[in-house]
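First up is the structure itself, then whatever we jot down about it.
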2 protein chains.
Amino acid sequence: MGQTRIQRTKIAVICEAALDVFSTHGYRGTTVDQIARAAELSKPNLLYYFPSKEAIHTHLLNQLMDTWLDPLRELDHTGDPLSEILTYVRRKLAMSRDMPRESRLFANEILQGAERIGPALSTELKPLVDDKARVIAEWMHAGRLRASDPHHLLFSIWSLTQHYADFDVQVRAVLGPEVDDPFPEAEAYLVTMFTRMLSV
Amino acid sequence: MGQTRIQRTKIAVICEAALDVFSTHGYRGTTVDQIARAAELSKPNLLYYFPSKEAIHTHLLNQLMDTWLDPLRELDHTGDPLSEILTYVRRKLAMSRDMPRESRLFANEILQGAERIGPALSTELKPLVDDKARVIAEWMHAGRLRASDPHHLLFSIWSLTQHYADFDVQVRAVLGPEVDDPFPEAEAYLVTMFTRMLSV
DNA sequence: GTGTCCTTTGACCGGTTGGTCAAAAGGTTG
DNA sequence: CAACCTTTTGACCAACCGGTCAAAGGACAC
């Protein structure tokens with residue numbers, strides 16, 4: 001809508017700062033002052049751009065839902081089944097590597113009961129998942145993919161890939177300081193896993 | 001130590017209440033009043049048994065670390081490799097079903113940077129994991145298990161099983177109201193997955 | 001330059017937070 | 001009963017919380 005240049009840039013700065021803070025402290029654990037400090041703004045100035053703390057959080061979550069579902073949307077029923085799944089796995093893992101804050105924001109929200117994003121799970125996520133699960137089921141039925149529960153297959157892709165963002169601290173603590181980037185190993189492991197799981 | 005009968009029971013009640021609240025709101029999102037109300041105690045009375053909010057949280061986390069690692073400790077290098085892994089998977093999944101609050105407490109802590117439990121990851125978790133990873137590597141080397149990265153294999157077991165506790169809301173939203181217990185399906189899926197992944 | 005609108009700020013507010021304290025209530029032992 | 005220790009409580013506190021507001025400061029078109 002009718003936005004000033006200043007508004008556009010400041011709102012972007014605030015979202016960036018808020019993502020930082022919300023993703024590491026959760027909604028309740030975050031204070032407006034923290035966000036303001038991170039955005040290098042005074043608190044009233046921040047509240048000039050967003051009406052409330054909750055508005056910032058909601059804004060972030062809504063933006064996120066879209067980008068979060070993008071890789072799944074691109075799963076193409078006309079493509080090669082195994083390649084499509086592996087591409088999806090690789091993209092989700094890349095998102096964990098490149099957007100760990102977004103992953104943690106989402107994880108925090110779900111973990112704490114999804115009070116704010118709950119409805120979108122039923123109205124946005126479920127229909128998309130049901131659709132793609134049907135595609136996968138057809139692939140399996142046609143003998144192009146080894147049979148298993150499509151919904152749980154998708155759950156397993158989410159959990160395995162997001163784990164490397166959400167539990168990053170634990171992964172690094174276990175692998176030790178000599179491994180400074182777990183993602184190449186992780187990708188190799190996940191490709192192996194889903195290939196063995198699904199190839200006929 | 002020298003504990004009264006009243007002290008023992010009250011401390012147990014407080015821990016139970018605190019687990020409820022901490023696991024659904026995170027550390028910062030939890031108030032002492034909330035815990036006190038859940039424990040049916042007045043706030044000063046609660047603080048008579050624990051010196052601070054943080055003390056309760058730390059106490060919970062320390063207790064948790066032990067029970068959390070139990071299933072992994074029982075992985076027996078003299079047993080049948082695949083059965084041992086599958087037993088471990090089933091036990092971890094059962095813990096997600098029966099102790100979802102503990103799982104979420106742990107997830108909250110790791111997700112938010114593991115500021116309180118961080119050291120224990122290196123001193124308690126890593127040595128145990130390294131030891132068991134060595135056992136698994138030997139099984140693979142002996143041709144009794146299909147080869148893959150043992151550390152990432154353990155990560156995958158954790159992420160897949162804990163997902164059903166930590167992301168319970170999302171799982172139920174996606175599966176819809178007609179599925180009232182996702183765990184039987186989940187167990188079947190995970191057994192299939194690790195069997196295909198590991199059996200020679 | 002001047003008027004207008006957008007942006008920023010310091011001071012402030014009512015409510016909540018984690019935590020203290022002195023005193024009261026309760027239990028146990030002689 | 002009396003002395004002693006454990007447990008419970010209401011009143012209270014300083015710090016912090018999310019959010020408001022009037023007024024000052026800038027940007028920009030004319």
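Protein chains get the first letters and strands the later ones, always in sequence-line order, with residue 1 at the start of each.
Counting to the nearest Å, the P atom of D/dG19 and the NE2 atom of A/His57 are 13 Å from each other. Rounding to whole angstrom units, CD1 of residue B/Ile35 and C1' of C/dG19 are separated by 13 Å. Regarding B/Phe50, its CZ atom lies at a distance of 16 Å from the C1' atom of C/dG18, rounded to whole Å. When the P atom of C/dG19 is taken as reference, atom CD of B/Gln34 falls 14 Å away, rounded to whole Å. Following rounding to the nearest Å, B/Arg8 (CZ) and D/dT6 (P) show an atom-to-atom distance of 14 Å.
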Chi angles and distances behind the side-chain contact (heavy atoms from CB on, under 4.5 Å) call for A/Phe194, A/Leu153: CA-CA 9 Å; A/Phe194 284 103; A/Leu153 174 61; 3.7 Å; yes

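Regarding contacts with the backbone of C/dT7, every side-chain N or O of A/Asn45 stays at 4.0 angstrom or more from both OP1 and OP2. Contact annotation: A/Ser42 reaches the phosphate of C/dT9 (side-chain N/O to OP1 or OP2, under 4.0 Å).
Of the listed nucleotides (C/dG19, D/dT7, D/dG18), D/dT7 has the atom at the smallest distance from the side chain of B/Tyr48. The side chain of B/Pro44 has D/dT9 as its nearest neighbour among D/dT9, D/dG19, C/dT8. Here the side chain of A/Lys43 is nearest to one of C/dG19, D/dG18, D/dT8, namely D/dG18. Among the nucleotides D/dT9, D/dG19, C/dG19, the one closest to the side chain of A/Leu47 is D/dG19. Considering only side-chain atoms of A/Asp33, the nucleotide from C/dA11, C/dT20, D/dC17 that sits closest is D/dC17. Residue B/Lys53 places its side chain closer to C/dG19 than to any other of C/dT8, D/dG19, C/dG19.
Residues A/Asn45 and A/Ser42 have side chains that never bring a donor and an acceptor to within less than 3.5 angstrom of each other. No side-chain donor from either of A/Asn108 and A/His25 sits under 3.5 Å from a side-chain acceptor of the other. Counted by atom type alone, A/Glu185 and B/His152 present one or more donor-acceptor pairs between their side chains at under 3.5 Å.
Across all strands shown, A/Tyr49 has heavy atoms under 4.0 Å from sugar-phosphate atoms exclusively, and none from any base.
Residues A/Pro51 and A/Thr31 both approach DNA chain D. Their nearest nucleotides, taken by heavy-atom distance, put A/Thr31 toward the 5′ side. Residue order along DNA chain C, read from the 5' end via each residue's closest nucleotide, puts A/Glu40 first among A/Glu40 and A/Arg28. In terms of position along DNA chain C, the nucleotide closest to A/Leu46 lies nearer the 5' end than the nucleotide closest to the other residue of the pair A/Leu46 and B/Glu54.
The side chain to side chain donor-acceptor pair (under 3.5 Å) search around A/Trp158 returns A/Tyr88, not counting sequence neighbours.
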